[in-house]
Amino acid sequence: MANRITIDPITRIEGHLRIDVEVDNNAVSNAWASCTMWRGIENIVRGRDPRDAWLFTQRFCGVCTTVHAMASVRSVEDALKLEVPLNAQYIRNLILIAHALHDHIVHFYQLSALDWVDILQIPKADPVATAKLAESLSPWTRNSKTEFKAAQDRVKAVAASGQLGIFMNGYWGHPAMHLSPEVNLLAFTHYIQALEYQRKALQVVGILGGKTPHIQNLTVGGVANAIDLDSTSALDMDKLEMIRVLLDQVVRFVNEVYFVDVCAVAALYPEWFKIGKGVNNYLAVPDLPLDSAGSAYDLPGGYIMNGNIAGVHSFKTASDKDFRDGVSEDVAHAYYHGDKPLHPWKGVTDPDFTGWDGDQKYSWVKAPRFNGAPMQVGPLAQVLVGFAQGHPLTKKYAGKAIETIGAVGHIQVTPGMLESTLGRHGARAIRAAMLAELAQKHLQLLVDNIAKGDYSVHNQPVFPSGEVEGVGTHEAPRGTLSHWVVVKDGKIKNYQAVVPSTWNASPRDASGAHGPYEASLLHTPLARPEEPLEVLRTVHSFDPCMACACHTFDPSGRQIAKVKVL
Amino acid sequence: MKKVLIGGIGNVLLGDDGVGPYVARLLAAHYEFEDGVEVADLGTPALDLIDQLTANDAVILIDSVSTDADPGTVQLYRKEDIMRVRPAVRMDPHSPALVDAMLSAELFGVAPPDVLLVGIKGESFEPGCSLSKPVKASLDQVIAEILSELDRLGVKHHRRENPEDLGIWWATEERRESLPA
């Protein structure tokens, strides 16, 4: 007889991810991913000026503000076939890269590292041995005994105070945790240091975007940054130099700390290369355009079906016809009216809430499909699609990861092992290292272009009478993001956002096919079903971001996450 | 010079959840403050909020709250009230951001010593860009609570003779709204 476990961080109004699994003989036998919040925010932009849509869409979500702003302006530019000046492309690319680096660092350390790191082991660690271990892994200058001792003292102080604070909800001492005290201390120390470096990445977004969390410098047709090398109120040499200094520090942290830590943790939990594979159709769009028209990119896109790496299909542009034509959304198991999958330009968001029923409707998330199939998106898809096409930068860092994991764990790692829970973390670190290298490249491209005397940042949009359609894509930290706009006589007629977490958290479709979270959880072994750490490990490996929602504070503490075993 | 952040938190696309950003703009349009005070529309931050909290002597946050009180009720919370809330299992980066951010900032040793959360009980959180009547009716009290906290902190402020534009781009019909005398 199977047991049902529900993990629901709930609240009445915040939109969150809920996971239900059935457990049979201590392994997951069935799974449902659902979102508890109605996401009809797209309806708000209908009837508005397409030039303003990005201001609204960047409020969809407080974590992913920048990416929604960017996909929005790109969708309108696509509808108008409007080119974007080179400077604007580079400035946008730098913002997107800096945002992604910030996001990946925060995801690993703040959101998921404590799935693998046991806080209870830290007081037992020897800071000297930790420093020695760290030196054998990386040249990072802050791997000192002093830093490790200070971090350890912080944990000891928290433990002594009896107020666990931020650590209140961890599954400490869980049998699926098995790093040595020293590795636990090493990772925890970097968890503290990560805070400084993610902030430096955000500062780059702030300098170029005017402010964070909501950038102000976008326009349909380019950016609003004035470029004047002699004016402190414009983008001048001082600001470009500040960006260079900040990026250099972030790049070093990514290469010497984040990348190494992910490889080390992966090497020490090799069993997790066999868990969490799930849907093995992968989708990624090209990004970081290198010309005004968007015909050449630094990051490749395409799709892979059924894990057939050799049979990869490539996308030539960010709004490739195959992509445009292939996307649809199915609402068979989502709380919306509708009897067949619809293309996003024809998309309807008409709520039909019926309560959670695993056999019928159970999620506010629609089920996006590509040529009818569920697709996994995110860093793993990005890396596999690039690797399959022989993309040199992807191969460089994938090779480095495979080598580092192999050396630490004395194991033979193959690219196929990336199709797993740990593989998603590894792929994210690979992607981050690629982006770090590209950050410096795109800053140089911008500086060189300005040095040529090109100060152009904006092309004027002209709206035709009648109807035009556009798709704006961005290969965001969590995967393929697409905004679909229909403009009629200069006003928005329809707008749909198909976001990465919708692809991955998708419910079943009419054929019953699981979405990626659901499929990845099947067969996962659980050491203690009442403490489903293993479920969280796999779900976190996708870097879910469902909220795009309210932020109401609940002072009662009633609405803590609940894990319910039925 | 004291560093003080006055930050409005919330989603401007979801009805009363937008009250925090709305108040931030209302305050900035009608008041001037001494150097060191920053008024910000923080949107719906997740752990980025740690960065906003860092390096301030005092923080005043405005946010919608979920309680049993009537819509429009204004309730005040101090740092210890926030720190007492048990953080959620983190499923995604939002799981309640304020509590997580405050607890993390405390662990990292960067939490501001003085924190006031001015909470407003909302009525409707449906997609839409307007505030409900009871929440609008609470705005005077919200502003008064913020100013009184600034007085307590010894931070100077004065009302502008000519209010600036509210800059509330998300709700066109309310752009010209001003504070009652």
Side-chain angles (χ1 to χ4, degrees), chain A residues 7 9-14 16-19 38 40-41 43-44 52 55-56 58-63 65 102 106-107 110-111 154 158 163 165-169 192 195 198-199 202 212-214 501 536 539-540 543-557 559-561 563, chain B residues 9-17 20 40-52 54 61 63-68 75 77 81-100 103-104 106-110 117 119 122 125-129 169-170:
Chain A
I7 309 175
I10 14 114
T11 81
R12 276 161 290 174
I13 35 194
E14 282 184 71
H16 282 294
L17 176 62
R18 164 178 165 170
I19 298 286
W38 133 250
I41 300 184
N43 290 346
I44 286 175
D52 293 341
L55 283 168
F56 288 85
Q58 78 165 329
R59 299 277 173 155
F60 281 179
C61 170
V63 174
T65 57
H102 148 80
V106 168
H107 170 258
Q110 313 294 329
L111 185 68
R154 245 174 233 207
V158 168
Q163 298 285 318
I166 194 70
F167 302 132
M168 222 169 339
N169 266 327
I192 295 174
L195 191 73
Q198 61 81 25
R199 185 185 304 139
L202 266 195
T212 60
H214 306 108
S501 295
L536 289 182
V539 171
H540 284 169
D543 191 2
C545 187
M546 310 300 297
C548 306
C550 296
H551 253 249
T552 300
F553 171 67
D554 183 342
S556 70
Q559 297 174 333
I560 57 165
V563 174
Chain B
I9 297 178
N11 193 328
V12 303
L13 307 182
L14 292 169
D16 285 339
D17 199 49
D41 159 8
L42 298 177
T44 52
L47 291 172
D48 303 359
L49 190 54
I50 301 170
D51 298 339
Q52 313 279 355
T54 299
L61 298 170
D63 195 0
S64 57
V65 292
S66 171
T67 67
D68 297 329
Q75 285 166 309
Y77 304 89
D81 302 320
I82 299 166
M83 307 267 293
R84 210 177 287 136
V85 178
R86 189 185 169 95
V89 166
R90 286 185 192 172
M91 290 289 267
D92 74 14
H94 286 271
S95 310
L98 176 57
V99 175
D100 268 33
L103 291 170
S104 297
E106 192 70 10
L107 171 73
F108 298 135
V110 296
L117 171 67
F125 297 93
E126 291 299 308
C129 296
W169 48 266
W170 57 89

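Being a predicted model, the structure only gives us computed values, none of them experimental. Computed from heavy atoms alone, side chains included, the values below leave out hydrogens, waters and symmetry copies. Letters A, B, ... mirror the listed sequences (proteins, then strands); counts begin at 1.
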>> For A:L55 versus B:W169, what's the shortest heavy-atom pair and its separation?
In response: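 Taking A:L55 first and B:W169 second, the nearest heavy atoms are O-CH2, 3.2 Å.
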>> Please find the pair of heavy atoms, one from A:R59 and one from B:D41, that lie closest to each other, and give the distance.
In response: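 Where A:R59 meets B:D41 most closely, the heavy atoms are NH2-OD2, 2.8 Å.
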>> Quick check on A:H102 against chain B: is it the side chain, the backbone, both or neither that has a heavy atom closer than 4.5 Å?
In response: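 For A:H102, side-chain heavy atoms alone lie under 4.5 Å from chain B.
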> Does the side chain of B:D51 pick up a donor-acceptor pair with the side chain of A:Q198 at under 3.5 Å?
Replying inline: yes
> How would you list, by chain and number, every residue that makes a side-chain hydrogen bond (donor to acceptor under 3.5 Å, both in side chains) with A:Q58, sequence neighbours excluded?
Replying inline: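 Applying side-chain hydrogen bond (donor to acceptor under 3.5 Å, both in side chains) to A:Q58 gives none.
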>> So, using side-chain hydrogen bond (donor to acceptor under 3.5 Å, both in side chains) as the criterion, who are the partners of A:R154 when residues are at least two apart?
In response: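 For A:R154, no residue satisfies side-chain hydrogen bond (donor to acceptor under 3.5 Å, both in side chains) once neighbours in sequence are set aside.
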> Short question: side chain of B:D48, backbone of A:P213 - any donor-acceptor pair under 3.5 Å?
Replying inline: no
> Within a strict 4.5 Å, meaning less than it, do heavy atoms of the B:L107 and A:F167 side chains meet?
Replying inline: yes
> Could you walk me through whether B:V12 and A:F56 pass the side-chain contact (heavy atoms from CB on, under 4.5 Å) check?
Replying inline: CA-CA 9 Å; B:V12 303; A:F56 288 85; over 6 Å; no
> How many angstroms lie between CG in B:L14 and CZ in A:F60, if you round to the nearest 0.5 Å?
Replying inline: 10.0 Å
>> Quick check for you: to the nearest 0.5 Å, what is the distance between A:Q110 atom CD and B:I50 atom CD1?
In response: 5.5 Å
> Which region of B:Q52, side chain (C-beta onward) or backbone (N, CA, C, O), has a non-hydrogen atom less than 4.5 Å from a non-hydrogen atom of chain A, or is it both or neither?
Replying inline: side chain
>> Please classify the contact between B:L13 and chain A as side chain, backbone, both or neither, with a heavy-atom cut-off of under 4.5 Å.
In response: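 When you check distances to chain A, atoms from both the backbone and side chain of B:L13 fall under 4.5 Å.
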> In terms of heavy-atom pairs under 4.5 Å with chain B, which of A:T65, A:L195, A:V158 leads?
Replying inline: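 Of the options given, most contacts go to A:L195.
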